[in-house]
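This report refers to the structure that appears directly beneath it.
The basis for the numbers below is simple: all heavy atoms, side chains too, and nothing from hydrogens, waters or symmetry mates. Here, residue 1 is the first one in the sequence, and each next residue gets the next number.
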Amino acid sequence: MASNKDMRRADLAIPYVDPPKSSSDADISSTMSSTMPMAAMFTRNRMIGWVSFVFSLQSWLGESEEQKKTAATPAYMSVGMSLMALVVTYFPLFMPPQVAKGATAAGPPAPSP
């Protein structure tokens, strides 16, 4: 028959200690949150713009006190930059580009006979 007595010794238990955070994680997140809005503006890709906004907002909300001290620029600047990327990508919807006189918007010119 099994004994109900606990055979573990409490004096031998080792408490859990959280490992120290590496500083390379902060560098990668700040690099991504500053380069993705630029990529969205250059390519005018709305999906990259939304991903950059969510990523920069997430890195701003998850910023630690040490990251705030060591960061070159504040995290809310990357959120502002990603919002600007969204404005740039959606700008042609509200103000379409002007077509030059004599040019057609349909495609390349027809071949001459």
Counting neighbours of CG on Leu12 that are heavy atoms of other residues, nucleotides or ligands and sit closer than 6.0 Å, is the number greater than 12? yes
With clusters defined by side-chain heavy atoms of hydrophobic residues (ILVMFWY) lying less than 4.5 Å apart, directly or transitively, does Leu61 cluster with Phe53? yes
Report yes if the side chains of Phe91 and Val88 come closer than 4.5 Å at any heavy-atom pair, otherwise no. no
For Pro37 and Met32 the tightest heavy-atom approach is CD-O, 4.3 Å
Does the side chain of Ser78 pick up a donor-acceptor pair with the side chain of Ser34 at under 3.5 Å? no
Can you tell me how far the OG atom of Ser64 sits from the NZ atom of Lys69, to the nearest 0.5 Å? 9.5 Å
How far does CG of Leu57 sit from OG of Ser33, to the nearest 0.5 angstrom? 11.0 Å
Less than 4.5 Å apart, any side-chain heavy atom of Met36 and any of Thr31? no
Could you check Leu93 against Arg46 for side-chain contact (heavy atoms from CB on, under 4.5 Å), going step by step and ending with a plain yes or no? CA-CA 12 Å; Leu93 287 176; Arg46 293 183 188 124; 3.7 Å; yes
What about Val54 and Ile48, same hydrophobic cluster or not, with Ile/Leu/Val/Met/Phe/Trp/Tyr joined at side-chain heavy-atom distances under 4.5 Å? no
Looking only at heavy atoms, which two atoms of Leu86 and Thr89 are closest? And how far apart? O-OG1, 2.9 Å
Measure the spacing between OG of Ser82 and CE of Met77 and express it to the nearest 0.5 Å. 11.5 Å
Those residues that, when tested against Tyr90, pass side chain to side chain donor-acceptor pair (under 3.5 Å) (two or more places apart): Trp50
About how many Å separate OG1 of Thr43 and CE of Met38, when rounded to the nearest 0.5 Å? 12.5 Å
